[in-house]
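Working notes, structure below.
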Protein chains: 2
Amino acid sequence: MQTTPKPKQRDAEATRKRILAAAKKEFAKSGLGGARVDDIAERANANKRMIYHYFGGKEDLFQAVLEEAYTDIRTAEQKLDLDRLPPREALETLVRFTWDYYLKNPEFITLVNSENLHRAKHLKKSEVIPVVSRRFVSMVKTLLDRGVAEGVFRPGIDETQLNITIAAIGYYYLTNRYTGAIVYDRDLMAKDALEQRVDFNIDTVMRLVCLEP
Amino acid sequence: MQTTPKPKQRDAEATRKRILAAAKKEFAKSGLGGARVDDIAERANANKRMIYHYFGGKEDLFQAVLEEAYTDIRTAEQKLDLDRLPPREALETLVRFTWDYYLKNPEFITLVNSENLHRAKHLKKSEVIPVVSRRFVSMVKTLLDRGVAEGVFRPGIDETQLNITIAAIGYYYLTNRYTGAIVYDRDLMAKDALEQRVDFNIDTVMRLVCLEP
DNA sequence: TTATGAAGTAACTAGTTAGTGCGTTAATCG
DNA sequence: CGATTAACGCACTAACTAGTTACTTCATAA
């Protein structure tokens, strides 16, 4: 086999990755409609022609960005390894993780918003999304069942409703932070405001799920 | 593209209203960036020039649409007259109203999303938004205080956190219904799914706020 | 009856945008 | 080495888009 590969002048995979990363930023900043192909190319330090070469078109590129964003968060969730923790700690870990992930990856939220404006047109075409999604939902289902079996969670809670609620209380706060700052006349992104919110969210979910909060 | 029947006579106020209504639909459908001024004019059965005549430009029109959308929901909330109800009933009424309003006025959600993509640039310029917002926040604050005084609500709950949570659990479900349908592999807009969700949301808030849920 | 200004219109401008044709250059391999 | 393939870049276009210009039509007050 070959030894250390020489640094290449031309590197298809590296160019592809630069385009994908640049596209993620631009789509997150301006949405699918507002993003400019020329700007993506410039940010990627690539020629616009390469976008069409590697991805086909603007919408195909958007789909690729979305798929990566979804598999990234689903992969990170699996790494939490909730099975090793007692149910209550596992649930708190999940709520805190979801909040932290949205906070550190704000482009995920904007991409999902943009995709919903387009009625999930691109996600519908994806092969990989249903697979990673099922694994995620069953992870929470397993946790819920375990908590009920151990007598610490209320029985009968639907895992989808819980998932949606855990996402909602973090997602909404962050995606609407600009209008929220005006409506509630507060800096919602101040350090203490963020801490207050995650504590409030954990409390909300614990009271919803646990028998003795 | 549906159009509104054109009145035979000249009517400045009617034309303005037609433009505003058409703009609301187009901005909700495509966002600020995706909406087309020509399409708004066509839908309103007005000449494009009239948009510039009455509103100044595309962004000013967007601001006018936003202001109307916010004052509409805030007005509807005030009409609930929560003071006439016992605290628990008042709280449930508020949660159900918020859900129903988002469900019946989906354009509100899309407009707010679009405005947040633009970092509340237009809402910041508004004179009327802070006024109606304060009235709304204090309405919930009053309810919370009353519930605590009557010994049915937990003390120490922040009215802004509660407001955000009540909005979040409805808003997120509805705004992300397209991607949600794929991730959770369900028809989130089926009649029974909607009923299940509003019940779940009321339960979530009651457990969060009430001393004996 | 008519002068006046607001309501309304069509065609246009200047700039932008996604997508492409085609030539060039580097890597790979017999 | 020479030839083939894939990566890359320039310069272009056809379609689109916010905003404007120059004009006509109509209601009404004097």
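In this text, all values refer to a predicted model and were calculated from it rather than measured experimentally. Letters go in sequence order (proteins before strands), and every chain restarts at 1. Only heavy atoms go into these numbers, but all of them, side chains included; no hydrogens, no water, no symmetry mates.
When distances run from any side-chain atom of B:Val37 to the nucleotides D:dA18, D:dA7, C:dG19, the shortest one goes to D:dA18. Relative to the side chain of A:Arg49, the nucleotides D:dA18, D:dG9, C:dT9 differ in distance, and D:dG9 lies closest.
A donor-acceptor contact under 3.5 Å is not formed by the side chain of A:Lys48 with the base of D:dG9. You won't find any donor-acceptor pair under 3.5 Å spanning the side chain of A:Lys58 and the base of C:dG19, going by distance alone.
As rounded to whole Å, 11 Å separates atom P of D:dC16 from atom CG of B:Asp39. If you measure from atom CE of B:Met50 to atom C1' of D:dA18, you get 16 Å, rounded to the nearest angstrom. Atom-to-atom, CG of B:Asp38 to C1' of C:dC12 comes out at 13 Å; the value is rounded to the nearest Å. Spacing between atom CG of B:Asn45 and atom C1' of C:dA7 amounts to 15 Å, rounded to whole angstrom units. We find that CZ of A:Phe62 is positioned 14 Å from P of C:dG19, with the value rounded to whole Å. Rounded to a whole Å, the CD1 atom of A:Ile40 is 8 Å from the P atom of C:dA18. Protein atom OH of B:Tyr52 is 16 Å distant from nucleotide atom C1' of C:dG8, rounded to whole Å. Between the P atom of C:dT20 and the CD1 atom of A:Ile51 lies a distance of 13 Å, rounded to the nearest Å.
Look at A:His53 and you won't find any side-chain N or O under 4.0 angstrom from OP1 or OP2 of D:dA6. In terms of phosphate contacts, A:Arg36 brings no side-chain nitrogen or oxygen within less than 4.0 Å of OP1 or OP2 of C:dT16. Phosphate proximity of C:dG8 to B:Thr15: present, with a side-chain N or O under 4.0 Å from OP1 or OP2. Taking only side-chain nitrogens and oxygens, B:Tyr54 comes nearer than 4.0 Å to OP1 or OP2 of C:dG8.
Across all strands shown, B:Ala35 has heavy atoms under 4.0 Å from sugar-phosphate atoms exclusively, and none from any base.
For the pair A:Asp145 and A:Lys141, the salt-bridge criterion is met [side-chain N within less than 4.0 Å of a carboxylate O]. Looking at A:Asp72 and A:Lys24, a side-chain N of the basic residue comes within less than 4.0 Å of a carboxylate O on the acidic one, giving a salt bridge. Between B:Asp158 and A:Arg197 there is no salt bridge, since no side-chain nitrogen of the basic residue lies less than 4.0 Å from a carboxylate oxygen of the acidic one.
Remark: B:Arg74 is positioned above the aromatic ring of B:Phe136, its terminal NZ or CZ atom under 6.0 angstrom from the ring centre and at most 45 degrees off the axis.
Taking the six-membered ring for Trp and thresholds of 30 and 60 degrees, B:Tyr101 and B:Phe97 have ring planes inclined between 30 and 60 degrees apart.
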